[in-house]
Amino acid sequence: QVQLAESGGGLVQAGGSLRLSCAATETTYYYPMGWFRQAPGKEREFVAACSATGGTTQFAETVKDRFTISRDNTRNTVYLQMNSLKPEDTGVYYCAASVTRPYDYWGQGTQVTVSS
């Protein structure tokens, strides 16, 4: 029953920044959340994750030191701040929640395109 909705994607020039948001309908409990991305013709890959409280975070090696993940549990929203974007960051970005099992709820995705 948890619904997730991503927003904030768009077209940005290399070196630029975007902040993605993922809002969840569940407001009683907070869940571990993750961000994933998928480029055309490629497998979905892990980008970042955040614990239910936001106290611990994890990043893919390709994005650490450029991306940050955070959450505002008063809004039940997680964010992915993406800085120093590269063309290889292009893809559809999805947020996912671990509600009853790992990453069992997913948003619809938001397109991020980074031009050279």
Side-chain angles (χ1 to χ4, degrees):
Q1 290 185 291
V2 174
Q3 292 181 293
L4 307 174
E6 303 97 333
S7 62
L11 175 65
V12 65
Q13 198 170 8
S17 299
L18 285 173
R19 189 181 76 158
L20 306 183
S21 300
C22 176
T25 57
E26 175 62 63
T27 58
T28 302
Y29 301 101
Y30 310 111
Y31 309 103
M33 300 285 293
W35 286 95
F36 297 78
R37 67 188 182 190
Q38 187 169 20
K42 296 184 178 180
E43 286 282 320
R44 180 186 64 192
E45 64 175 337
F46 170 80
V47 176
C50 184
S51 65
T53 63
T56 58
T57 60
Q58 199 109 38
F59 300 93
E61 291 295 322
T62 52
V63 306
K64 68 178 182 180
D65 300 323
R66 297 190 298 119
F67 291 11
T68 59
I69 186 170
S70 62
R71 66 192 302 158
D72 179 356
N73 282 346
T74 66
R75 296 178 171 84
N76 215 8
T77 300
V78 296
Y79 304 94
L80 183 68
Q81 178 67 47
M82 306 185 295
N83 300 320
S84 301
L85 283 163
K86 305 173 181 179
E88 51 263 44
D89 294 318
T90 294
V92 178
Y93 283 68
Y94 300 89
C95 70
S98 300
V99 179
T100 60
R101 47 193 176 273
Y103 300 123
D104 52 346
Y105 285 79
W106 293 80
Q108 80 286 355
T110 185
Q111 177 71 43
V112 172
T113 303
V114 184
S115 62
S116 300

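These numbers come from the heavy atoms of this one structure, side chains and all, not from hydrogens, waters or symmetry mates. Just so it is clear, the model here is predicted, and its values are computed rather than measured.
We find the CD1-OG1 distance between I69 and T56 to be 10.0 Å, quoted to the nearest 0.5 Å. Taken from CZ in R71 to OG in S51, the straight-line distance is 7.0 Å, to the nearest 0.5 Å. Note that CG of L11 is 9.5 Å distant from CD of Q111, once rounded to the nearest 0.5 Å. Atom CG in N83 sits 9.5 Å away from atom CG in L18 (nearest 0.5 Å). Note that the OG1 atom of T57 and the CZ atom of F67 stand 14.0 Å from one another [nearest 0.5 Å]. With rounding to the nearest 0.5 angstrom, the OH atom of Y93 is 7.0 Å from the CG atom of L80.
Between the side chain of D104 and the main chain of T100, a donor-acceptor pair closer than 3.5 Å is present. The closest donor-acceptor contact from the side chain of Q38 to the backbone of G91 lies at 3.5 Å or more, if one exists at all. The backbone N or O of A97 lies less than 3.5 Å from no partner atom in the side chain of Y31, so there is not a single donor-acceptor pair.
Closest approach of L4 to Q108, counting heavy atoms only: O-OE1, 3.5 Å. In plain terms, the two heavy atoms of S115 and Q13 that are nearest each other are OG-CA, 3.5 Å. The two residues R66 and S84 come nearest to each other via the heavy atoms NH1-O, 3.0 Å. The two atoms that bring T62 and R37 nearest to each other are OG1-NH2, 3.7 Å, heavy atoms only. In terms of heavy-atom proximity, F59 sits nearest to K64 at CB-CB, 3.8 Å. Considering every non-hydrogen atom in both C95 and E6, the closest pair reads N-OE2, 2.8 Å.
Using a 4.5 Å cut-off between side-chain heavy atoms of Ile, Leu, Val, Met, Phe, Trp and Tyr, with links allowed through other members, L85 and L20 fall into the same hydrophobic cluster. In terms of hydrophobic clustering, with Ile, Leu, Val, Met, Phe, Trp and Tyr side chains grouped at heavy-atom distances under 4.5 Å, W35 and W106 are assigned to different clusters. Cluster annotation: Y79 is not connected to V112 through the hydrophobic network of ILVMFWY side chains, with a link wherever side-chain heavy atoms come within less than 4.5 Å. Following chains of ILVMFWY side-chain contacts shorter than 4.5 Å, one cannot reach V92 starting from M82, and the two form parts of different hydrophobic clusters.
Q3 CD: 12 or fewer foreign heavy atoms inside a 6.0 Å radius.
Side-chain rings of Y103 and F36 approach one another, their centers coming within less than 6.0 Å.
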